[in-house]
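Just so it is clear, the model here is predicted, and its values are computed rather than measured.
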Amino acid sequence: MNRAILVIYRPAAGRYAAQFRSVVAAAAELGVATVALLPTGQPASEAAGLPCYFADLDDREAVRATVTTILAAHPVERIFPLFEGDVLTAAHCRRDHGIPGLDPEEALTFRDKNVMHRRAVELGVPVARSCRPETVGAVAEFAAQVGWPVVIKPYAGWACGDTHRVDSAEDLARVWPLVADDRHDYRVEEYVRGVEYHVDSLLRDGGVVFDQLSRYTYSVLEFRDEPGGTISRKHDLTPAERRIVAASATVLRGFGMRTGVAHVEFFLRDDGGLVFGEAAARAGGGSIVPAIQAGRGINLAGEWCRLELDPGHVPAATLGPEIGTEYLCSDRYGRITTITTAQELRALDSVLDADVWKTVGDVLAVPTASNDVLGWYVCEGRDFDDVRARFKVIRDAFQVVTDPVGDA
């Protein structure tokens, strides 16, 4: 093969394995070889037989140097970062070598929430009110203006890691020491009351060639108390939901995406107002990719690869029933002695797919991010309410038994 792509891939926990395999398969179908860049010391069985290179993926300069080595040996024409934290580094590598795709200026708009929200305002898309947490007084003053609660979050974070909902002045006194030393890495936003949606899209040459609207069944900030779920909205969209889909396309074009995959989040306020949340230049996290694959017949990561490599490709998506997916969680902590398997979940009525990341012997601790879970499942139903009802049945069938760590 005289063409190649580079996939920046983190194999830990298996969350991106299916995406990785889909990109490799899509490239192979088009006669294009795949080169894998993996974290130092983390070989991946799914990359067996491929040219593999290793670097500290959290060290941008180390990655850029390794990519220069890779391009000296392989005719790489596209770079695919699968993980949020690699999007900006991949953009620097593209610019270094004149490879098409998001450049650092564009990638920063998808990574830095300060830049992201400013650009959305320029595009006429409403955003939550915000401030910089220069002092604890600035946060308190902001809360007095917009009302409690407020949200303190990293400006370049993901999966609600190090994100704090602050409900009162007393709560601020508790949270402030956790962020004060790194305050310039944070931003403060008003808490938006309403329903949260996401739009997962594929673009080619600046035009949307696939999109799917979905509605979260929980508050993303409350991941410790509620299982994370989302349900597709493919049929009988309301006018407000159609506005969300249109606003998502405006954001993606305005942020500079030409060809790629994106995950964009919005809130629909209780009063009907639309608020942009954030946008990511990668496929949706968690089980969004397998849910769309089960419901629409396409893998977002694989389709991204095909769109980049084949100018004439059109995603062959189907419509089908509404599809829901939910994380598998447990309020039991300690060493697992019994856990329902993925095969047992797939045998349940309406379940289309499932994956369980934990097994007997693993130790469960209190989650620290919204994707710190045990696995996921995908099911189908007639509509939003029907799918949500099925969630409870499946959730109740998932059993986890643990012993305290240290016991015999």
Side-chain angles (χ1 to χ4, degrees), residues 4-10 16 19-20 22-23 26-27 32 34-37 55 57-58 60-61 63-64 66-68 70-71 76-120 122-123 125 155-158 198-211 248-265 276-285 289 300-311 313 315:
I5 62 168
L6 172 63
V7 183
I8 303 176
Y9 174 52
R10 299 182 185 235
Y16 302 96
Q19 292 189 38
F20 179 80
S22 294
V23 170
V32 179
T34 297
V35 180
L37 177 56
L57 298 187
D58 296 317
R60 181 183 300 166
E61 296 311 309
V63 173
R64 292 172 73 179
T66 303
V67 170
T68 296
I70 292 170
L71 265 69
V76 170
E77 57 186 67
R78 293 291 190 280
I79 300 177
F80 296 90
L82 303 182
F83 172 62
E84 177 80 14
D86 297 323
V87 167
L88 185 55
T89 298
H92 281 275
C93 295
R94 293 190 192 100
R95 185 173 66 183
D96 289 344
H97 302 283
I99 293 174
L102 291 179
D103 64 24
E105 177 72 18
E106 295 158 345
L108 195 66
T109 310
F110 284 95
R111 286 293 299 125
D112 184 321
K113 294 178 178 61
N114 296 321
V115 177
M116 183 186 298
H117 278 224
R118 174 60 192 177
R119 182 64 183 131
E122 292 174 352
L123 295 168
V125 179
Y155 71 82
W158 57 81
H198 58 93
V199 184
D200 296 276
S201 305
L202 292 162
L203 281 77
R204 183 182 60 212
D205 297 330
V208 176
V209 294
F210 170 86
D211 57 35
S248 176
T250 297
V251 165
L252 295 177
R253 287 193 295 266
F255 282 15
M257 180 171 283
R258 296 290 300 163
T259 299
V261 63
H263 174 80
V264 187
E265 298 183 343
F276 168 67
E278 57 188 65
R282 42 85 179 163
V289 170
L300 290 175
E303 291 300 294
W304 174 24
C305 180
R306 292 182 180 91
L307 289 168
E308 292 277 11
L309 299 178
D310 179 4
H313 178 70

Begin from the C-alpha positions of Val35 and Val7 and carry the test side chain to side chain contact (heavy atoms under 4.5 Å, CB included) through to its verdict. CA-CA 6 Å; Val35 180; Val7 183; over 6 Å; no

Apply side chain to side chain contact (heavy atoms under 4.5 Å, CB included) to residues Val67 and Leu37 and explain how you reach the verdict. CA-CA 8 Å; Val67 170; Leu37 177 56; 4.1 Å; yes

Determine whether Leu300 and Phe210 satisfy the following criterion, side chain to side chain contact (heavy atoms under 4.5 Å, CB included), listing intermediate values before the conclusion. CA-CA 9 Å; Leu300 290 175; Phe210 170 86; 3.9 Å; yes

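In this structure, CZ in Arg64 is found 8.0 Å from NE2 in His97, a value given to the nearest 0.5 Å. Once rounded to the nearest 0.5 Å, the distance linking CG of Asp112 with CZ of Arg119 reads 14.5 Å. For the atom pair Glu303 CD and Leu307 CG, the distance stands at 6.5 Å (nearest 0.5 Å). Distance CZ/Phe83 to OH/Tyr16: 5.5 Å, rounded to 0.5 Å. Distance CG/Asp200 to CZ/Arg282: 9.0 Å, rounded to 0.5 Å.
The salt bridge (charged side-chain N to carboxylate O under 4.0 Å, His left out) search around Asp211 returns none, not counting sequence neighbours. Checked against ring-ring contact (aromatic ring centres under 6.0 Å, His included), Phe276 has the following partners two or more places apart in sequence or in another chain: His117, Phe266. For Glu106, there are no salt bridge (charged side-chain N to carboxylate O under 4.0 Å, His left out) partners two or more places apart in sequence or in a different chain. For the salt bridge (charged side-chain N to carboxylate O under 4.0 Å, His left out) test, residues two or more places apart in sequence or in another chain that qualify with Asp58 are Arg10.
Between Val208 and Leu202 there is no side-chain heavy-atom pair separated by less than 4.5 Å. Within the 4.5 Å cutoff, side-chain heavy atoms of Leu309 are placed close to those of Glu77. For the pair Val209/Leu203, no side-chain contact is recorded, criterion being any heavy-atom separation below 4.5 Å from C-beta on.
Salt bridge status for Arg95 with Asp103: absent, with no side-chain N to carboxylate O gap under 4.0 Å.
In this pair, Phe80 and Trp304 present their aromatic rings perpendicular. The plane angle is above 60°, beyond the 30 to 60° band.
Between Arg111 and the choices Glu84, Glu105, Glu278, the salt bridge (Lys or Arg N to Asp or Glu O under 4.0 Å) rule is met once, by Glu84.
Leu57 and Asp86 get closest at one heavy-atom pair: O-OD1, 3.9 Å.
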Only distances under 3.5 Å count here; give the side-chain donor-acceptor pairs of residues 248-258 to other protein atoms, sequence neighbours excluded, each with its distance to 0.1 Å.
unit_1, atom_1, unit_2, atom_2, d
Thr250, OG1, Ala246, O, 3.2
Arg258, NH1, Asp205, O, 3.4
Arg258, NH2, Asp205, O, 3.2

Would you give me the side-chain donor-acceptor pairs under 3.5 Å for residues 87-94, sequence neighbours excluded?
unit_1, atom_1, unit_2, atom_2, d
His92, NE2, Arg60, NH1, 3.2
Arg94, NH1, Leu102, O, 3.0
Arg94, NH2, Ile79, O, 2.9

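In terms of modelled atom types and a separation under 3.5 Å, the side chain of Arg78 and the main chain of Ile5 share no donor-acceptor contact.
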